Amino acid sequence: MKLFNLPNLLTLLNLCCGVLASILVISGGNIKLILLMIIISLIADFLDGLVARAMRISSPMGKELDSLADVISFGLTPGLMMMVLLLNYDSPTVFNTGNATLSWLSLLGLMIPAFSALRLAKFNLDDEQSTYFKGLATPSNTLLLFSIFYIHQQNQGLFHPTVDLVLLVILTVGCSFLLISNIPLFSLKFKELSWKDNYYKYIFLIISLIGILVFQIFAIPLIILLYLLFSIIFRKEIIK
């Protein structure tokens with residue numbers, strides 16, 4: 001069994017950047033550096049499968065390794081972001097060791113890595129998810145939660161503290177269940193590039209690109225919402 005081929009090295013790069021991002025989140029590191037680590041993880045996660053197919057390298061180990069890396073980069077990291085955000089609100093303390101304080105409310109953020117792990121295990125066992133996703137993919141969920149984390153940190157909150165808390169709780173619970181839902185969501189992998197078979201993907205990508213260019217990271221929550229709406233509207237095209 002060959003451990004260190006190029007696809008596996010890319011997967012390990014994904015994992016290592018996820019570890020670094022997690023450390024930066026809990027240590028209050030530079031938010032742009034956190035974003036950089038997440039972007040590298042996303043690129044490595046995209047390339048490992050692409051390179052494996054191009055090199056005709058396919059193994060059960062590569063598949064398992066990919067999920068293990070994703071649990072860190074796209075499960076633990078966004079979970080820690082949510083825990084950090086929830087620590088801003090009053091709640092009884094679970095423990096305080098001087099350098100680390102956890103409240104009962106912040107523990108709600110643990111739903112994100114837990115449900116991400118469930119989603120990845122479910123994905124590995126479901127052959128139908130080769131052309132589309134069932135439920136929100138962990139990278140998409142990570143981008144959504146990072147955008148909320150970024151906006152919240154840069155603006156010292158979103159709205160009124162009480163409203164913020166309600167929204168964060170709803171977002172945590174909602175995203176967790178979206179991860180394991182059976183809602184068909186389109187994949188951005190193209191079997192062919194024709195407009196006829198992919199028109200809704202092209203429209204989505206054009207709107208998303210315009211949104212990013214105009215509103216930058218503030219557009220991400222709206223893009224994820226648009227992604228969910230497009231998937232519901234074009235359900236027949238997705239599962240055909």
Side-chain angles (χ1 to χ4, degrees), residues 1-27 29-84 109-150 172 175-181 185 187-189 220 224 227:
M1 181 183 296
K2 192 173 182 179
L3 298 178
F4 298 106
N5 53 44
L6 183 55
N8 285 355
L9 290 174
L10 286 167
T11 303
L12 291 174
L13 175 63
N14 168 13
L15 185 148
C16 291
C17 287
V19 171
L20 290 173
S22 296
I23 293 171
L24 289 166
V25 169
I26 60 178
S27 63
N30 186 290
I31 199 161
K32 291 183 179 178
L33 192 53
I34 295 171
L35 175 59
L36 177 62
M37 293 299 103
I38 291 173
I39 289 173
I40 295 173
S41 287
L42 287 166
I43 293 171
D45 183 53
F46 174 77
L47 288 178
D48 60 6
L50 196 68
V51 171
R53 287 189 292 273
M55 297 177 65
R56 297 182 181 179
I57 299 173
S58 178
S59 70
M61 192 192 120
K63 186 176 181 180
E64 297 303 321
L65 183 63
D66 185 66
S67 291
L68 291 171
D70 287 355
V71 166
I72 300 297
S73 300
F74 311 129
L76 177 62
T77 300
L80 290 173
M81 290 178 195
M82 191 55 67
M83 292 181 76
V84 168
L110 292 174
M111 288 184 69
I112 302 298
F115 278 71
S116 295
L118 287 171
R119 190 264 181 280
L120 290 162
K122 179 183 173 185
F123 177 81
N124 284 348
L125 296 174
D126 192 343
D127 294 333
E128 291 184 9
Q129 295 193 59
S130 58
T131 56
Y132 65 90
F133 298 120
K134 288 182 182 177
L136 190 63
T138 52
S140 299
N141 187 56
T142 299
L143 285 174
L144 171 61
L145 295 183
F146 174 79
S147 67
I148 299 299
F149 181 75
Y150 179 91
T172 302
C175 285
S176 295
F177 283 97
L178 271 175
L179 286 167
I180 61 168
S181 73
L185 302 175
S187 167
L188 289 175
K189 295 177 182 177
I220 292 178
I224 298 299
Y227 173 60

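This is a predicted model, so every value here is computed, not measured.
When side chains are defined from C-beta on, Ile39 counts as touching Ile43, because their heavy atoms get closer than 4.5 Å. Using a 4.5 Å heavy-atom threshold, the side chains of Asn141 and Leu178 count as separate. In this structure, Thr77 and Met37 have side chains that are not in contact, with every pair of non-hydrogen atoms separated by 4.5 Å or more. Using a 4.5 Å heavy-atom threshold, the side chains of Val19 and Ile23 count as touching. Contact annotation: the side chain of Glu64 approaches that of Asn124 to within less than 4.5 Å [non-hydrogen atoms, C-beta and beyond]. In this structure, the side chains of Leu120 and Phe74 stay at 4.5 Å or more apart for every pair of heavy atoms. Residues Cys16 and Leu13 have side chains not in contact (no heavy-atom distance under 4.5 Å, counting atoms from C-beta outward).
Expressed to the nearest 0.5 Å, how far OG of Ser147 lies from CE of Met81 amounts to 9.5 Å. To the nearest 0.5 angstrom, Leu15 atom CG is 11.5 Å from Asn8 atom CG. Here Leu47 contributes atom CG and Ile40 contributes atom CD1; the two are 12.0 Å apart, rounded to the nearest 0.5 Å. Considering CD1 of Ile38 and OH of Tyr150, their distance stands at 12.5 Å, rounded to 0.5 Å. Summarising the geometry, atom CG belonging to Leu10 is positioned 11.5 Å from atom OG belonging to Ser41; distances are rounded to the nearest 0.5 Å. We find the CG-CD1 distance between Leu80 and Ile72 to be 9.5 Å, quoted to the nearest 0.5 Å.
Nearest heavy-atom pair across Tyr227 and Leu185 is OH-CB, 3.4 Å. Scanning both residues, Val71 and Ala117, for their nearest heavy atoms gives CG2-CA, 4.2 Å. Annotation for Arg119 and Lys134: closest pair NH2-O, 3.6 Å, computed over non-hydrogen atoms. The shortest non-hydrogen separation linking Met83 to Leu110 is SD-CD2, 3.8 Å. What you find for Ile112 and Cys175 is that their closest heavy atoms are CD1-CB, 4.5 Å.
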- prompt: Can Asp48 and Leu65 be said to form a side-chain contact (heavy atoms from CB on, under 4.5 Å), step by step?
  reply: CA-CA 11 Å; Asp48 60 6; Leu65 183 63; over 6 Å; no
query: Between Leu118 and Leu179, is a side-chain contact (heavy atoms from CB on, under 4.5 Å) present by the stated rule, with each step listed?
result: CA-CA 8 Å; Leu118 287 171; Leu179 286 167; over 6 Å; no
message: Show, in sequence, the C-alpha distance, side-chain angles and deciding distance for Phe177 and Met111, and conclude whether the side-chain contact (heavy atoms from CB on, under 4.5 Å) test is met.
response: CA-CA 9 Å; Phe177 283 97; Met111 288 184 69; 4.1 Å; yes
message: Evaluate Ser181 against Leu136 for side-chain contact (heavy atoms from CB on, under 4.5 Å), listing each step before the verdict.
response: CA-CA 8 Å; Ser181 73; Leu136 190 63; over 6 Å; no
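In this structure, Ser116 has no side-chain hydrogen bond (donor to acceptor under 3.5 Å, both in side chains) partners at least two apart in sequence or on a different chain. The ring pair (Phe, Tyr, Trp, His ring centres under 6.0 Å) test applied to Phe46 returns no partner, not counting sequence neighbours. Residues satisfying the ring pair (Phe, Tyr, Trp, His ring centres under 6.0 Å) test with Phe146, not counting sequence neighbours, are none.
The main-chain N or O of Ser73 is never found under 3.5 Å from a side-chain atom of Ser22 such that the two would form a donor-acceptor pair.
Considering Asn14, Thr142, Thr138 in turn, Asn14 is the only one that fulfils the side chain to side chain donor-acceptor pair (under 3.5 Å) rule with Asp70.
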